[in-house]
Amino acid sequence: MPAIIVKNWEKKESIMKKRSAFYFLLFILAAFCIPSSAFAEAPGISKDTIIVGGIVDKAGPVARDLSLQTMGARAYFQKAFDEGLIKRKIKVVTEDGGYDPAKHLSAGKLLLDRDGVFCLISAVGTAPSLALNTLLESRKVPLIGMSAQSSRLSVPFHKYIFSQMCASRDQARICVDAILKENPKARIAMICQDDAFGFDGRDGFLEQCKKYGVKPAGVVTFRRGTKDFSSPVLKLKSLNPDWVINHTVAVYGASILKEAQKLGWKPRWMVMSGLLSRQFIQLSGPAIKFAGDVRGVMINYPPDGDTPAAVEYRAAMKKYQPEADVNDANSMWGYGRAKVFVEGLKRAEAANDLSREGLIKSLETLRDFKTGVYAPITYTSKSHAAPKSCLLVKVQGPTYVAISNEWMTAK
């Protein structure tokens, strides 16, 4: 090869190496100049929008409840954007998970793979939420709020699950405290579903009775999907309790009261939060009046109350979701859940870490965070448990009113 060609080739190769080094240097400089959030942003986030997923029940026993919870969340998301609390609009995409663990897994995969959601903001039931946790852990996706109230969602610790609803175990313990304060010699029974949701309340009931040295009258369980409650209520009546803790959801709880009325049986009733909706009162019909002074433990401030947060909530629902039942606790639950998510989002953005992991870290900085819906919420890197407090309420006409505005915690 002629010497001049070799020299030209060597010169050209040298120039190419210098250019490669120059471009590599530019890449490194650019990497340091680009904000960390640009690399951290997860699926579901664009310049103008954040897409979140909600697993709901579209045809089962809590379909109405979950529809209202979604409306409540959407109302607060729109309010937060309009008021400049967040920079991006939040879009909620829902998928039917029924009230079933297998369907929840399928729904979660669809929301992540088909819709590319940033995180999940709702799920339905204890067993389905726990089944979903395997997907959350494998994909490292947070779930901020569920229509589920079992202590098993928090103990043992689940990194990707954040609860806001006082666990059924703690609710039942508060029920026992309230009953025995009024009547220290009361015979107390419980009726509940024979699933994780029901058993968590049952365990709290038995635990608190043992603490007081009181022998429980007994526990009657029934299968989810039951339509004929004559046998469970007859068994409950045979226990001869003074008080019955009714721990289930609105459709079943109302059927239980109706069966008691058919039998002309009138114990004192204490209901847990699954029945703290207007739907339960409406479905019970005349049986609720026959039952007399029905008490309950509520995990939120009454939606039709006069607290500043309740007034704010009703105004937002009227403006953004006017078709929703503004006086139903479910709408307020969704609204409160959205407040928790937005607060975590704001803190993640402030930390320049708008990612799934960044959201988790930001939520773990909440200390006695007041939503005005639930009792104050605290999360840490070792606990995402819900508050352990409730309000004691009673049925008054078509709604519930607080007996005391002080949050109660089990003794």
Side-chain angles (χ1 to χ4, degrees), residues 40-45 50-56 66 69-70 73 90 92-95 97 100-167 196-197 200 333-334 336-349 351 353-367 369 371 374 377-387:
E41 288 181 358
I45 297 180
I50 297 177
I51 304 173
V52 298
I55 301 180
V56 300
L66 268 293
Q69 289 177 36
T70 303
I90 299 175
V92 182
V93 180
T94 62
E95 185 63 36
D100 179 83
K103 287 183 178 179
H104 261 58
L105 272 176
S106 298
K109 289 176 182 176
L110 280 173
L111 289 167
L112 289 171
D113 297 334
R114 180 194 63 197
D115 302 303
V117 301
F118 174 52
C119 66
L120 300 178
I121 62 159
S122 68
V124 190
T126 300
S129 297
L130 289 172
L132 184 65
N133 187 55
T134 58
L135 178 66
L136 303 179
E137 290 183 343
S138 66
R139 301 289 190 91
K140 302 185 186 303
V141 177
L143 166 61
I144 299 94
M146 302 137 287
S147 186
Q149 299 157 18
S150 172
S151 60
R152 291 175 58 200
L153 295 165
S154 303
V155 181
F157 174 65
H158 299 295
K159 176 179 178 178
Y160 297 98
I161 294 179
F162 290 83
S163 300
Q164 295 93 44
M165 296 178 164
C166 178
F197 167 61
D200 197 60
W333 288 349
R337 182 184 304 156
K339 279 194 168 187
V340 174
F341 173 64
V342 166
E343 184 63 26
L345 197 65
K346 286 165 52 183
R347 296 188 186 198
E349 287 184 322
D353 191 6
L354 189 52
S355 65
R356 288 166 174 165
E357 190 65 30
L359 176 63
I360 290 170
K361 290 178 180 178
S362 294
L363 286 168
E364 289 174 347
T365 66
L366 297 187
R367 298 291 183 273
F369 176 65
T371 62
Y374 304 107
I377 291 171
T378 294
Y379 296 136
T380 69
S381 60
K382 295 182 179 179
S383 175
H384 298 166

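Keep in mind that what you see is a predicted model, and the values were worked out from it rather than measured.
Taking the side chain as every heavy atom from C-beta outward, V141 and L135 never approach each other to under 4.5 Å. Residues I144 and C119 have side chains in contact (heavy-atom distance under 4.5 Å, counting atoms from C-beta outward). Contact check for Q164 versus R337: side-chain heavy atoms found under the 4.5 Å cut-off. Using a 4.5 Å heavy-atom cutoff, the side chains of L359 and F341 are in contact. Residues E364 and I360 are in side-chain contact: their nearest non-hydrogen atoms beyond the backbone lie under 4.5 Å apart. Residues H384 and L363 fail the side-chain proximity criterion, which asks for heavy atoms closer than 4.5 Å. Side-chain atoms of L120 and L111, non-hydrogen and from C-beta on, do get closer than 4.5 Å to each other. Under the 4.5 Å side-chain criterion, counting only non-hydrogen atoms from C-beta, N133 is not in contact with L143.
A131 and P101 get closest at one heavy-atom pair: CB-CB, 3.7 Å. The two residues S362 and G344 come nearest to each other via the heavy atoms CB-O, 3.4 Å. Counting all heavy atoms, side chain and backbone alike, I377 lies closest to P387 at CG1-CG, 3.8 Å. Heavy-atom minimum distance, L153 versus S129: CD2-CB, 3.7 Å. Minimum interatomic distance between S151 and A167 (heavy atoms only, all atoms of both residues): N-CB, 3.7 Å. Here the closest non-hydrogen pair linking A196 and A127 is CB-N, 4.4 Å.
Taking NZ of K159 as the start and CG of L136 as the end, the distance is 12.0 Å to the nearest 0.5 Å. Going from atom CZ of R139 over to atom OG1 of T134 covers 10.5 Å, rounded to the nearest 0.5 Å. Separating the CD1 atom in I121 from the CE atom in M146 is a distance of 12.0 Å, to the nearest 0.5 Å. Here CG of D115 is found 15.5 Å from NZ of K109. Values are rounded to the nearest 0.5 Å. Going from atom CG of L345 over to atom CD1 of I50 covers 4.0 Å, rounded to the nearest 0.5 Å. Within the model, atoms CD1 of I51 and CD1 of I45 stand 10.0 Å from one another, a figure rounded to the nearest 0.5 Å.
Between the side chain of H104 and the backbone N or O of V124 there is at least one donor-acceptor pair closer than 3.5 Å. Judged by distance alone, with hydrogens and angles left aside, the side-chain atoms of S383 form no donor-acceptor pair with the main-chain N or O of T380 at under 3.5 Å. At least one donor-acceptor pair closer than 3.5 Å links the side chain of Y379 to the backbone N or O of S163. No donor-acceptor pair closer than 3.5 Å links the side chain of D353 to the backbone N or O of A348. Within the 3.5 Å criterion, the main-chain N or O of Q149 finds no donor-acceptor partner in the side chain of R152. Checking side-chain atoms of D100 against main-chain N and O of A102 turns up a donor-acceptor pair under 3.5 Å.
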| message | Could you walk me through whether T70 and T94 satisfy the side-chain contact (heavy atoms from CB on, under 4.5 Å) test, starting with their C-alpha distance in whole Å, then the side-chain angles of each, then the deciding distance to 0.1 Å, before giving a yes or no? | response | CA-CA 9 Å; T70 303; T94 62; 4.0 Å; yes

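Residues satisfying the side-chain hydrogen bond (donor to acceptor under 3.5 Å, both in side chains) test with S147, not counting sequence neighbours, are Q69. Under the salt bridge (Lys or Arg N to Asp or Glu O under 4.0 Å) criterion, R347 pairs with E343, not counting sequence neighbours. Judged as a ring pair (Phe, Tyr, Trp, His ring centres under 6.0 Å), and not counting sequence neighbours, F118 has no contacts.
Within 6.0 Å of the NZ atom in K346, the count of heavy atoms belonging to other residues, nucleotides or ligands exceeds 12.
With salt bridges taken as basic N to acidic carboxylate O contacts below 4.0 Å, none links E95 and K103.
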